[in-house]
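Taking it in order: structure first as structure tokens, then the write-up.
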2 protein chains.
Amino acid sequence: MGYYPNEVARSLYQKSSKMIGLLLPDISNPYFPLLAKGVEDYAQQNGYIVILGNVEDNADKEDMYVKFFSQYNISGVLSAASGKRKNNDRVPYVLLDRALEEENYSISTDDRLGGKLAGQAVLESRGKNIIVMAGPRHVSGANDRLSGALSVLNAAGASYRVFETETFQVDKAEETAQKLFNTFKSFDSVIASNDVFALAVMKEAIKRKHRIPEDIQIIGYDDMLFSRLMYPGLTTIAQPAYEVGFKGAKMLVDLIEKKVIIDKIVKLQPELIRRDSLR
Amino acid sequence: MGYYPNEVARSLYQKSSKMIGLLLPDISNPYFPLLAKGVEDYAQQNGYIVILGNVEDNADKEDMYVKFFSQYNISGVLSAASGKRKNNDRVPYVLLDRALEEENYSISTDDRLGGKLAGQAVLESRGKNIIVMAGPRHVSGANDRLSGALSVLNAAGASYRVFETETFQVDKAEETAQKLFNTFKSFDSVIASNDVFALAVMKEAIKRKHRIPEDIQIIGYDDMLFSRLMYPGLTTIAQPAYEVGFKGAKMLVDLIEKKVIIDKIVKLQPELIRRDSLR
DNA sequence: TTGAAAGCGGTACCAC
DNA sequence: GTGGTACCGCTTTCAA
């Protein structure tokens with residue numbers, strides 16, 4: 001008969017609420033909205049609402065949010081932020097998209113496997129002179145990707161060189177791609193650190209009149225929505241971003257509701273998406 | 001001395017809180033994360049936290065969130081959702097990215113001007129046989145874009161045809177582009193309803209061996225991050241998404257704090273970004 | 001089974 | 001000024 005309980009009063013007495021916090025490093029990076037959608041979907045289906053915090057690699061902002069959260073009796077937090085704050089609070093905390101040894105709960109993609117997949121794909125399509133882009137060193141996933149790719153390349157005795165990039169920021173992509181072409185004179189394959197960089201490299205390659213994939217082949221990482229809209233379609237490693245968010249939210253809700261969690265650390269499988277940028 | 005007031009208790013007595021709700025139609029559409037970032041930035045700087053609701057054109061979901069919000073004593077809502085719910089609640093409500101006559105407060109881009117800009121640009125680059133894509137009819141901004149473009153085309157006596165698309169959903173883009181090429185036999189220009197569709201049309205054009213911009217020129221709408229990463233670079237109309245979010249949050253907070261609002265309806269200016277997809 | 005009362009942690013008001 | 005008290009709306013407990 002039109003009555004809805006006041007959640008605030010309930011929350012005051014219970015010292016908990018039906019709210020969960022979501023900490024993201026950069027919502028304008030196209031990977032995260034998908035992840036956010038996954039958590040929002042699960043939360044919504046289970047009567048939780050999600051509070052968004054964009055912390056952009058800023059530990060102060062992260063602390064501020066954690067403080068906010070406790071003032072609001074938030075009952076759990078999902079964090080994809082790269083800060084390494086240890087969870088000394090009693091609120092359930094699950095890490096998204098990265099797994100630290102010390103932390104208890106996390107959902108992430110097996111980046112090492114992803115890197116291997118990328119390396120294998122390039123080898124199979126006869127990459128002879130390979131550039132592998134290394135993402136920022138402080139991002140653990142980027143390191144795993146790199147080491148995965150290199151392990152495959154080394155095992156095959158392939159010839160490669162590593163190109164360091166210090167950021168994943170979108171607005172640095174074009175610049176970085178130009179620098180890549182300027183520093184390396186000849187190569188026939190590039191393993192990019194993500195799709196945005198792969199696109200930038202593709203653009204620069206076409207500009208310089210190289211044919212893709214005949215002269216230069218490129219593989220990306222992420223499988224963003226628009227990677228399929230490119231011409232040629234970008235071959236890439238798909239990360240299950242939505243699933244990371246959805247399963248992360250599920251794990252967090254289970255934690256909040258004190259259900260038994262079988263796997264504290266879950267790794268999801270990346271997948272090779274074959275399109276047209278590899279020979 | 002380490003004391004932080006409990007916001008829940010305060011909120012219970014005050015019947016209001018430092019939380020604002022943000023309703024988005026589709027967070028995986030790259031336009032919205034930028035907008036969300038704008039609101040998050042302003043909110044955070046002013047002590048508010050934002051609750052995210054992804055309502056995907058679903059009126060029930062929207063109602064559910066509005067109900068949730070009132071249960072949590074949320075003090076204002078920012079809505080970019082396309083539902084036409086009238087604001088019979090007493091909570092401050094500001095519309096983002098669309099302005100309805102009946103509603104009081106809104107921040108949006110001047111889509112009619114954007115449409116005109118697109119039309120003019122195509123005319124200036126000698127479009128003779130133009131396809132203009134109409135976005136979903138229930139999205140008011142899409143209508144304004146269309147009417148703006150048509151007004152310019154009509155005034156110039158240009159030859160054009162309208163192609164209806166019933167959704168802005170990303171995963172329908174390729175299909176829609178194919179349909180466009182199948183229904184219209186010859187044309188030399190397309191004014192796309194957004195960048196995602198522009199990209200899809202570009203891809204389909206290249207696939208079918210048309211040169212861009214020589215045979216077919218294309219203009220988009222939005223200026224997404226990756227539009228510059230295409231080859232050729234996409235000429236498009238930039239929407240100030242971040243600014244819409246930021247100013248919308250400012251207006252909402254002013255409303256909540258009962259400051260005087262000078263302009264109830266603010267229109268931001270779109271801008272033509274010249275790249276290489278127009279002759 | 002049902003109803004009354006206390007408490008969650010603040011704010012606001014009224015006496016003193 | 002300052003301290004005490006009622007109240008926000010719900011949950012829980014305890015008594016009738």
Side-chain angles (χ1 to χ4, degrees), chain A residues 1-23 42-53 61-78 87-93 249 252-260, chain B residues 1-23 43-53 61-78 85 87-93 249 252-260:
Chain A
M1 42 208 307
Y3 166 75
Y4 294 97
N6 178 325
E7 280 298 317
V8 177
R10 210 180 59 81
S11 162
L12 176 61
Y13 184 87
Q14 304 277 222
K15 290 169 183 306
S16 87
S17 69
K18 291 288 234 176
M19 301 191 280
I20 61 182
L22 173 62
L23 260 22
Y42 187 84
Q44 201 251 92
Q45 288 164 26
N46 290 271
Y48 285 80
I49 64 181
V50 4
I51 295 184
L52 178 69
K61 273 197 175 188
E62 193 172 342
D63 284 345
M64 208 211 59
Y65 265 110
V66 174
K67 199 174 300 166
F68 259 165
F69 288 173
S70 83
Q71 291 187 71
Y72 281 97
N73 283 173
I74 273 174
S75 57
V77 4
L78 246 18
N87 179 21
N88 40 17
D89 304 307
R90 59 239 141 275
V91 296
Y93 210 95
L252 183 66
V253 169
D254 285 350
L255 226 39
I256 292 169
E257 298 176 353
K258 303 203 185 308
K259 295 192 183 143
V260 285
Chain B
M1 41 210 306
Y3 165 74
Y4 293 97
N6 178 325
E7 281 298 318
V8 177
R10 210 178 60 79
S11 162
L12 176 61
Y13 183 85
Q14 304 275 229
K15 291 170 184 305
S16 87
S17 69
K18 291 287 234 176
M19 301 192 279
I20 62 183
L22 174 61
L23 260 23
Q44 202 251 92
Q45 287 165 26
N46 290 271
Y48 284 80
I49 64 180
V50 3
I51 295 185
L52 178 69
K61 272 197 174 186
E62 194 173 342
D63 283 345
M64 210 210 58
Y65 265 110
V66 174
K67 199 174 300 167
F68 258 165
F69 288 173
S70 83
Q71 292 187 71
Y72 280 99
N73 284 172
I74 273 174
S75 57
V77 4
L78 246 17
R85 47 168 275 102
N87 177 22
N88 40 15
D89 304 308
R90 58 242 140 272
V91 296
Y93 209 95
L252 184 67
V253 169
D254 284 350
L255 226 38
I256 291 169
E257 298 176 352
K258 303 202 186 306
K259 294 191 184 144
V260 285

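Chain identifiers are assigned alphabetically (A, B, ...) following the order of the sequence lines, protein sequences preceding nucleic acid strands; residue numbering begins at 1 within each chain.
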**OP:** Compute the angle between the rotation axes at the two ends of the helix from C:dT1-D:dA16 to C:dC16-D:dG1, each taken over five pairs, rounded to 10 degrees.
**Re:**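 End axes: 60° apart.
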
Using the side chain to side chain donor-acceptor pair (under 3.5 Å) criterion, which residues pair with [X]? Sequence neighbours excluded.
{"X": "A:Tyr42", "answer": "none"}
{"X": "A:Asp254", "answer": "A:Lys250"}
{"X": "A:Tyr72", "answer": "none"}

Identify each atom pair where a protein N or O and an N or O of nucleotides 3-8 of chain C are less than 3.5 Å apart, giving names and distance.
residue : atom : partner : partner atom : Å
C:dC8   : O3'  : A:Lys15 : NZ           : 3.0

Original post:
Roughly how far apart are A:Asn46 CG and A:Ile256 CD1, rounded to 0.5 Å?
Top reply: 10.5 Å

Using a 3.5 Å cut-off and no angle test, enumerate the donor-acceptor pairs between side-chain atoms of residues 13-20 of chain A and protein atoms at least two apart in sequence or in another chain.
residue : atom : partner : partner atom : Å
A:Ser17 : OG   : A:Met19 : N            : 3.2
A:Ser17 : OG   : A:Asn73 : O            : 2.9

Original post:
Which residue pairs satisfy the salt bridge (charged side-chain N to carboxylate O under 4.0 Å, His left out) criterion with at least one member in residues 68-77 of chain A, sequence neighbours excluded?
Top reply: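 Of all non-adjacent pairs touching residues 68-77 of chain A, none passes salt bridge (charged side-chain N to carboxylate O under 4.0 Å, His left out).
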
Subject >> salt bridge (charged side-chain N to carboxylate O under 4.0 Å, His left out): pairs with one or both residues in residues 1-14 of chain A, sequence neighbours excluded >> reply: A:Glu7-A:Arg10

Subject >> Whether A:Asn6 side chain and A:Val8 backbone form a donor-acceptor pair below 3.5 Å >> reply: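 Side chain of A:Asn6 to backbone of A:Val8, a donor-acceptor pair under 3.5 Å: yes, one is there.
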
Subject >> Bounds of contact between DNA chain D and chain B, in 5' to 3' order, using a heavy-atom cut-off under 4.0 Å >> reply: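 Both ends considered, the range comes out as D:dC7 to D:dG9.
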
Subject >> Those residues that, when tested against B:Phe69, pass ring-ring contact (aromatic ring centres under 6.0 Å, His included) (two or more places apart) >> reply: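 So B:Phe69 forms a ring-ring contact (aromatic ring centres under 6.0 Å, His included) with B:Tyr65.
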
Subject >> Candidate pair A:Tyr93 and A:Leu255, rule side chain to side chain contact (heavy atoms under 4.5 Å, CB included), full reasoning >> reply: CA-CA 9 Å; A:Tyr93 210 95; A:Leu255 226 39; over 6 Å; no

